[in-house]
Amino acid sequence: MSALKPVRGTHDILPGDMHRHRHVEQTAREVARRYGYAEVSTPIFEFTDVFARTLGDTSDIVTKEMYTFEDKGGDSLTLRPEYTAGIARAFISNGLAQELPLKVFCRGPMFRYERPQKGRLRQFHQVDVELLGVAEPLGDVEVMALGADFLAALGVADKVTLELNTLGDAESRAAYRAKLVEYLEGHIDGLSEESRLRLRRNPLRILDSKDEGDRAIVAGAPLMSESLNAASRNYFDELGAGLDAAAVAYRINPRLVRGLDYYCHAAFEFTTEALGAQGTVLAGGRYDGLIAQMGGPPTPGTGWAAGVERLAMLIEEPPPPPRPIAIVPIGEAMGERAIAVAQRLRGAGFVADLGYSGNVGKRLKRANKIGARAAVLLGEDELARDAATVRDLDTGDQVEVPLSDLVEHLARYQKP
RNA sequence: GUGGCUGUAGCUCAGUUGGUCAGAGCGCUUGGUUGUGGACCAAGAGGUCGUGGGUUCAAUUCCCAUCAGCCACCCCA
């Protein structure tokens, strides 16, 4: 075991895993494209304020999980812990209020100083979808439908459930918060120590506590739905009707809440039982107040993020990449000829692999190991006839093919 | 951040109630003659038994610390 280890909570993504990651990201990109979402990318770090001012000072992400550092110019920067704040910043920086509604897809690494566990890393990846400028519930329906389609395209639809709740608008939420706190204070003796702390900072979180005592108390707590004002009530009804119309199945979970302060109305999560405690695979909601709070023009927004590593663990092995054609020179003198042929095949769109050393046996062995579909053997004999021997590595059959016909001949093994 | 479990070759794992106990399978390398892979056979390389201390005549095996992974809490994707 080497002394050289990766930083805690980070890991190298080697070809096997990378294949799964790419499949997750590529599927998200493709489904998002069908919904008219254009891919964008924002920097991996931002001024610390971008996150500190928007995520809320009660969230754990800001209070203890950010990778914050001072750069050589003395600015406080933070490695992004999530994507939405960066998108909102980019929206303001680039004056994109002129282009509403704005639909974007993005992906990339996120950084959170958490205690690592399976499915919970310090550097992890998300795919993310944001819809800005649409205040109607149909906007939420669109992003949720996109999420559901994405998960279905990954083949995990039967492993996940969409849970949905409403946080109401600011007025409803404040009213509910007051009622909830009043109720919980009446049962404060039965609350866990942790929940007593949350009572002041983030009482909604107590709703999804896993502590048995808390759960018993929460079971009798007032419901958000009872505190919704007419507008919020109406919003949620329309959202449900829209999801029905889009044929997106969901389950209402009145205890579903959010750790981040900027959410309102729709809050949703696709969860699975298959990943233990890290069961949330895709989650999001509406954040109408965020952009105004950052100093931009008041702009509604909704969207979600999904964990690439978690999804990569959940999916079946994705279809393998195209099998290469191995180029096998026979004898020292054939090296240059081999690279010329390889270049020609690559230029024609083939995956061509050259091993660069060893005798014929070794090179064929390598061809076999990398899963090559066929081998192109180039020796003195073939050279004399301006030809190559093509060996089918699955059947073992081989034929001599004039170099001029090589591309055409190999097309049966791999469509260029 | 809290509590618990684990840590032996690249991988998956045996093993030692402290003294030929450093092992297996897979993988890797080489060979089984000339320009032919996959199967098979043979040989070989590779580990200071996570790291650092301590106890002991002696520790990979016991104790402590530390690091890492995993599980639950917490948090969330």
Side-chain angles (χ1 to χ4, degrees), chain A residues 1-11 14 16 24 28 55 58-65 81-84 107-128 147 160 192-195 197-198 202 205 208-212 214 256-260 269-272 275-284 304-314 326 328-332 334 355 358-383 389-398:
Chain A
M1 195 130 342
S2 169
L4 224 41
K5 297 178 182 171
V7 173
R8 183 176 199 197
T10 68
H11 71 275
L14 301 179
V24 170
L55 298 181
T58 57
S59 83
D60 279 13
I61 289 180
V62 169
T63 54
K64 45 193 184 196
E65 294 182 359
E82 57 104 40
Y83 226 131
T84 308
R107 53 146 299 276
M110 305 293 152
F111 306 85
R112 261 126 89 157
Y113 189 84
E114 295 191 271
R115 181 134 173 193
Q117 226 170 292
K118 191 197 298 184
R120 188 166 75 177
L121 301 164
R122 289 184 175 180
Q123 178 179 171
F124 63 101
H125 297 76
Q126 290 186 335
V127 290
D128 183 286
V160 300
S192 65
E193 195 177 331
E194 223 151 349
S195 286
L197 288 173
R198 287 190 282 214
N202 205 345
R205 287 237 72 100
D208 67 353
S209 170
K210 288 178 189 167
D211 180 86
E212 272 187 44
D214 289 351
L256 176 66
V257 293
R258 287 274 82 120
L260 305 184
E269 293 183 4
F270 286 83
T271 59
T272 178
L275 296 178
Q278 268 61 53
T280 301
V281 116
L282 184 156
W304 53 255
V308 174
E309 281 83 356
R310 290 183 185 178
L311 287 169
M313 286 191 284
L314 212 53
V328 179
I330 300 167
E332 302 272 322
M334 291 297 120
N359 57 27
V360 184
K362 290 254 192 317
R363 288 171 187 263
L364 279 171
K365 195 168 244 185
R366 172 183 163 79
N368 191 60
K369 200 165 82 179
I370 64 174
R373 181 61 184 82
V376 175
L377 295 111
L378 299 162
E380 301 287 350
D381 298 354
E382 288 85 352
L383 177 59
T389 297
V390 175
R391 182 177 178 83
D392 184 315
L393 292 173
D394 285 352
T395 65
D397 298 337
Q398 56 185 51

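In what follows, chains are A, B, ... by sequence order, proteins preceding strands, each numbered from 1. Hydrogens, waters and symmetry mates are skipped; everything else that's a heavy atom, side chains included, is used.
- For the pair A:Ile370 CD1 and B:rG37 P, the computed distance is 16 Å after rounding to whole Å.
- The distance from atom CG of A:Leu256 to atom P of B:rC76 is 11 Å, rounded to the nearest whole Å.
- As rounded to whole Å, 18 Å separates atom P of B:rG1 from atom CD of A:Glu193.
- Between the CD atom of A:Glu65 and the P atom of B:rC76 there is a distance of 7 Å, given to the nearest Å.
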Pair pattern of RNA chain B in dot-bracket, where unpaired bases get dots and | marks partners in another strand, Watson-Crick or G-U under 3.5 angstrom
(((((((..((((.....[...)))).(((((.......))))).....(((((..]....))))))))))))....
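- Residue A:Arg391 places no side-chain atom within donor-acceptor reach of the base of B:rG35, judged by atom type and a 3.5 Å distance cut-off alone.
- Nucleotides B:rG15 and B:rU55 place their C1' atoms 24 Å apart, quoted to the nearest Å.
- Within 4.0 Å (heavy atoms only), A:Gln278 reaches at least one base atom of the nucleic acid.
- In this structure, CD1 of A:Ile330 is placed 9 Å from P of B:rG35, rounded to the nearest angstrom.
- Contact check for A:Arg373 versus A:Asp392: side-chain heavy atoms found under the 4.5 Å cut-off.
- Taking only side-chain nitrogens and oxygens, A:Lys365 never comes nearer than 4.0 Å to OP1 or OP2 of B:rU29.
- Residues meeting the side chain to side chain donor-acceptor pair (under 3.5 Å) test with A:Gln126, sequence neighbours left out: none.
- In this entry the distance linking NZ of A:Lys369 with P of B:rA39 reads 12 Å, nearest Å.
- Applying the 3.5 Å distance criterion, the base of B:rC75 shares no donor-acceptor pair with the side chain of A:Arg112.
- Not one side-chain nitrogen or oxygen of A:Arg363 sits closer than 4.0 Å to the OP1 or OP2 atom of B:rU36.
- Going from the C1' atom of B:rG35 to that of B:rC49 covers 46 Å, rounded to whole Å.
- When the side-chain nitrogen and oxygen atoms of A:Arg8 are compared with OP1 and OP2 of B:rA68, one or more of them lie within a distance under 4.0 Å.
- Residue contacts shown for A:Gly119 include a base, since a base heavy atom lies under 4.0 Å away.
- Checked by distance alone, A:Arg310 brings a side-chain donor or acceptor within 3.5 Å of a matching partner on the base of B:rC76.
- The interatomic distance linking A:Lys118 (NZ) with B:rC75 (C1') rounds to 18 Å, in whole Å.
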